[in-house]
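Everything below concerns the one structure shown next.
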There are 2 protein chains.
Amino acid sequence: MTPQAKDLALLRTLPLFAPLSDETFAKLAGSIRFDRYVKGDTIVRQGDQAKWVMVVLEGFVKLTRLSANGEETLIHIFGRGETFAESVAVLGDKHTTTAEAASPTRIVRLPAHVVAQAAREVPELALSILHESSAKIWALMDEIEALKAQTADQRVLRFLLSLVPAHATSAEARLPYTKGVIAASLGLKQETLSRSFARLKSIGIDIDGRMVRIADADRIAAEIERLNRIV
Amino acid sequence: MTPQAKDLALLRTLPLFAPLSDETFAKLAGSIRFDRYVKGDTIVRQGDQAKWVMVVLEGFVKLTRLSANGEETLIHIFGRGETFAESVAVLGDKHTTTAEAASPTRIVRLPAHVVAQAAREVPELALSILHESSAKIWALMDEIEALKAQTADQRVLRFLLSLVPAHATSAEARLPYTKGVIAASLGLKQETLSRSFARLKSIGIDIDGRMVRIADADRIAAEIERLNRIV
DNA sequence: CGGCTAGTTGACTTCATTCAACGCTGGTGG
DNA sequence: CCACCAGCGTTGAATGAAGTCAACTAGCCG
């Protein structure tokens, strides 16, 4: 399999494309474009016309918003296999966020008009885009819930828990992006995250540079619980 | 026009239904159901199968999430003309939030299977549902941005600004729901909101019970700005 | 080697929450 | 008709969680 064929195979398995017939998929795949970005590159700019549906093949993309005062607020992070800009692109709207590579990143883009046209012809595609949007809504609701109802430590613990493979009880993992970005994604300052990590050493969480070692995942869940009760 | 005919006319103008042909709209309208709720009633429960697409005709509906510790977190509030549960219903998923009437409320519901079927047959409907979802994504991103990047006073000011009609420079309005709910929607405790209102008197904002009088909307915008610079 | 960028740590500040008491208002039942 | 209560909101005092500012370290690239 050539590298590109591999990428296409990955695409085919994504929720966005999986329900499509081979024929429809082939039509879409015909107009695909591959891109590479280095950390810090801007992929799409807030306010620009959306012309492409994007899929992350490798690396991480951070969505940010420019606030009135010029500061940027991190809204969400996308990783391998995740789609973004799909709804704006299909609807012909403008980007409401900026997307920037948070690490070396490869993405695939499909021209908006091709996808939009196909969505009109093939109801499955429209529904699977809707499905993606729906999933995004849930993810954003999760974030809001976390920001409103959880303390810094709880959010950090939840994040760490997400690094542990399902059913595993202990884990050794690499932080997916820099601590600064992790902090921003959790709605924290870098210093606060650093202090939080330091505190969490006592419950079997060891962070050394980019490596995390989690002794007991259940203990993390228990600690999130405990922090709830204290209040 | 009978009251119901009026409601149907309102429905017809909503973004969700406006792009539809008369024929499609009539098909949907045929299976509509009207409902009334009093404040505090549960409209849909988190975890239940989504069977209906809902549209608010009157009043306000608050979406909440049950957190692990049994507390409920307010995620979003819907008002007149807004649709909710449309994506979950069409996709046949379960509700991920609870919806509760935040005031006396009238809603319209359409059976999920009817809408889902129509969405498969009429691409415009699928796209307009997608459009709704997309709008919801933006709204949620706004909330996240506000929670991460703005202080309590800024969020309160932003909320007050949303009560001022476009282009108006001063306004007298009624708070759409109780202060407790406003506080929760802004990610604040009731006490904090109360104190914020008290502070804001000095810039021409007067709150007396449910009534708000805003002397100068530009001043509010300026104050939001000023609070940015201070930091 | 110097100069970045990323991350840590300490001291201090501040914004929002918590806890608790109290006020107002509208409804209900004696 | 009044008394009492519940729900909603306000206010004060004390606390605490996270942010700010600043100094410093470690690693990395040219």
So if I take every side-chain heavy atom of Lys189(A) and compare against dT11(D), dA16(C), dT20(D), which nucleotide ends up nearest? dT20(D)

Toward the 5' end of DNA chain D, by each residue's nearest nucleotide, Lys39(B) or Arg199(A): Lys39(B)

With heavy atoms under 4.0 Å as the rule, sort Thr178(B) into base, sugar-phosphate or nothing. sugar-phosphate

Output the single nucleotide from dA18(D), dT20(D), dT10(D) whose closest atom is nearest the side chain of Glu191(A). dT20(D)

When the distance from CD1 of Ile182(A) to P of dT8(C) is rounded to whole Å, what number comes out? 10 Å

Between dT18(C), dT20(D), dG7(C), which one does the side chain of Lys179(A) approach most closely? dG7(C)

How many Å lie between OH on Tyr177(A) and C1' on dA6(C), as a whole number? 17 Å

Parallel, tilted or perpendicular for Tyr177(A) and Phe159(A), by the 30°/60° rule? tilted

Round to the nearest Å and state the distance from Leu147(B) atom CG to dA16(C) atom C1'. 14 Å

note: Asp208(B), atom CG; dG9(D), atom P; distance rounded to Å ~ 13 Å

I want to verify a distance call: between dA18(D), dT9(C), dA16(C), whose nearest atom is closest to the Thr192(A) side chain? dA18(D)

For atom CD of Gln150(A) and atom P of dA18(D), their distance in whole Å: 11 Å

Do the side chains of Glu100(A) and Lys39(A) get close enough for a salt bridge, i.e. N-O under 4.0 angstrom? no

Starting at atom CG of Leu193(A), determine the distance to atom P of dG7(C), rounded to an integer number of angstrom. 9 Å

Using a 4.0 Å heavy-atom cut-off across all strands, classify Gly187(B) as base, sugar-phosphate, or nothing. sugar-phosphate

Close side-chain approach of Phe60(B) and Ser103(B), heavy atoms under 4.5 Å: yes

Only residue of Asp41(A), Asp7(A), Asp35(A) satisfying salt bridge (Lys or Arg N to Asp or Glu O under 4.0 Å) with Arg106(A) is Asp7(A)

Nearest-Å distance for atom pair CG/C1', residues Leu188(B) and dT17(C): 11 Å

Is a donor-acceptor contact shorter than 3.5 angstrom present between the side chain of Arg195(A) and the base of dG10(C)? yes

Does Asp208(A) come within less than 4.0 Å of Arg213(A), counting only side-chain N to carboxylate O? no

Tell me the interatomic distance from Arg155(B), atom CZ, to dA16(C), atom P, rounded to whole angstroms. 7 Å

